[in-house]
Amino acid sequence: MYLFKRVADLQNHLRRARANLRSVGFVPTMGALHEGHLHLIRRSLRENQITVCSIFVNPTQFNDADDLRQYPRMPGKDLARLAEVGCDIAFLPFEEEIYPPGLDTRLELDFQGLDTRMEGSHRPGHFAGVAQVVKRLLDIVNPNTLYLGQKDYQQVAIVKSVLEQLQSSVQVVSVPTVREADGLAMSSRNSRLTEEARLAAPLIYHALQEVKKRVMRREEPLEDTTAWALHLLSVPPLRPEYLEVVDGTSLQPLSDGTVEQSERIVACTAVWAGDVRLIDNIIIKSENTRK
Ligand code: AMP
């Protein structure tokens, strides 16, 4: 496996590799790699000749300084994991490589309402930071395909919209969420959970599964279902921030009047488990769901 910390070195390497017409898959991460990340990397390895994984804790997408400071960092362990799965290239850039002084990387984009709710309303500036770093990383790596986790459902929708607006030819593959045996979505932040919070956290996915069942049965108003789930999740150390049933494309909240017409329905939630904020979602209906 090759390790690069400088943009120029990575690009020189990729330029040579591309001479042999190789397809490049790209998996951007913030490190503290777990099986969820490795799943994305394995998928890219299967579908491309070269896989690049970046590890960069992007400061511009953190709206909370404590969260940024406490974000787990373990580059040695991460590199060992990447080598183990057979990743071709690890890119661990210095911050000044991503944001060199004098380079204006800000983006003036319209997220077309995808950022107004859920993560967007609870983490001001978060998606502007995500779009900025994704655009910058794509400009550097220039991959054919970008692999993203469905765990960050809203992020996938926003990145797809950004790429469309930029008329980018990069394909986006959204990979299903990898979970612990008890249902908890794998996340780098899980390592910060206290024992008590870790024990309580599987209730998040349990609540989402229950919401899915209730929405599919349509026996009660949607509002009652979300109120029920929020109540279920309000047992300390859990504290829900939001749980919404939304249209999977527009990300606008659904009501009893609109839920029938929606082709794709998703329930998304953010829950504090002690002082760690976790997000998760479940697809209730997709284009492939049998009627
Ligand atoms: P992060 O390091 O948290 O920024 O995540 C990097 C990529 O891995 C993002 O596209 C995430 O959506 C994806 N990811 C994180 N956790 C999981 C998981 N449990 N299953 C699948 N993908 C994940």
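Both ligands and their constituent atoms are indexed starting at 1 by order of listing.
Of all the heavy atoms in Leu238 and Leu233, the pair that sits closest is CB-O, 3.3 Å. Between Phe111 and Phe127 the shortest heavy-atom distance is CZ-O, 3.7 Å.
For the 3.5 Å distance criterion, the side chains of Thr145 and Glu47 fail to qualify, holding no donor opposite an acceptor.
Residues meeting the ring-ring contact (aromatic ring centres under 6.0 Å, His included) test with His13, sequence neighbours left out: Tyr2, Phe4.
Among protein residues, Pro28, Thr29, Met30, His34, Gly36, His37, Leu40, Tyr71, Leu148, Gly149, Lys151, Asp152, Pro176, Thr177, Val178, Met186 come within 4.0 Å of ligand 1, judged on heavy atoms.
Within the 6.0 Å centre-distance limit, the rings of Tyr71 and Phe62 are counted as a close aromatic pair.
In this structure, Lys285 contributes its side chain and Ser262 its backbone to a donor-acceptor pair below 3.5 Å.
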